[in-house]
Amino acid sequence: MGVNPTVYELDQDPTRAKEMEKALARLLGSSSALPVVFIGGKLVGAMDRVMASHINGTLVPLLKEAGALWL
């Protein structure tokens, strides 16, 4: 869609990786929390939620609101 995401690789910080994975799992209510997407600092969810947002037309407004997309 032409946005430039910031990517955080948890495996590059093994000390905090498990802690962060557990926190994300709690937020999502799921043990398979990775990868997850935040847009404008707001948790969207796992890739299935991102794709659902794209299909139902709510992804572009989220990206615009976050200043990540200029259409």
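In what follows, residues are counted from 1 in the order of the sequence shown.
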Open item on the list: Less than 4.0 angstrom from a charged side-chain N to a carboxylate O is my criterion; do Lys42 and Glu65 meet it?
Closed with: yes

Task: 4.5 Å side-chain heavy-atom contact, Glu9 and Val7 - done: yes

Task: Point-to-point distance, once rounded to the nearest 0.5 Å, from CZ of Arg26 to CG of Leu28 - done: 11.5 Å

Open item on the list: Using 0.5 Å steps for rounding, measure from the CZ atom of Arg49 to the OG1 atom of Thr58.
Closed with: 8.0 Å

TODO: Answer yes if Val60 and Val44 sit in the same cluster of Ile, Leu, Val, Met, Phe, Trp and Tyr residues linked by side chain heavy atoms under 4.5 Å apart, and no otherwise.
DONE: yes

Open item on the list: Testing the basics here: between Val37 and Met47, what is the closest heavy-atom pair and its distance to 0.1 Å?
Closed with: CG2-SD, 3.8 Å

Task: Rounded distance [0.5 Å steps], CG in Leu24 versus CG in Leu43 - done: 7.0 Å

Open item on the list: Rounded to the nearest 0.5 Å, what separates atom CG in Leu62 from atom NE2 in His54?
Closed with: 13.0 Å

TODO: Calculate, to the nearest 0.5 Å, the distance between atoms CG and CD belonging to Leu10 and Glu19 respectively.
DONE: 10.5 Å

Open item on the list: Are the side chains of Ile39 and Val50 in contact, using a 4.5 Å heavy-atom criterion?
Closed with: no

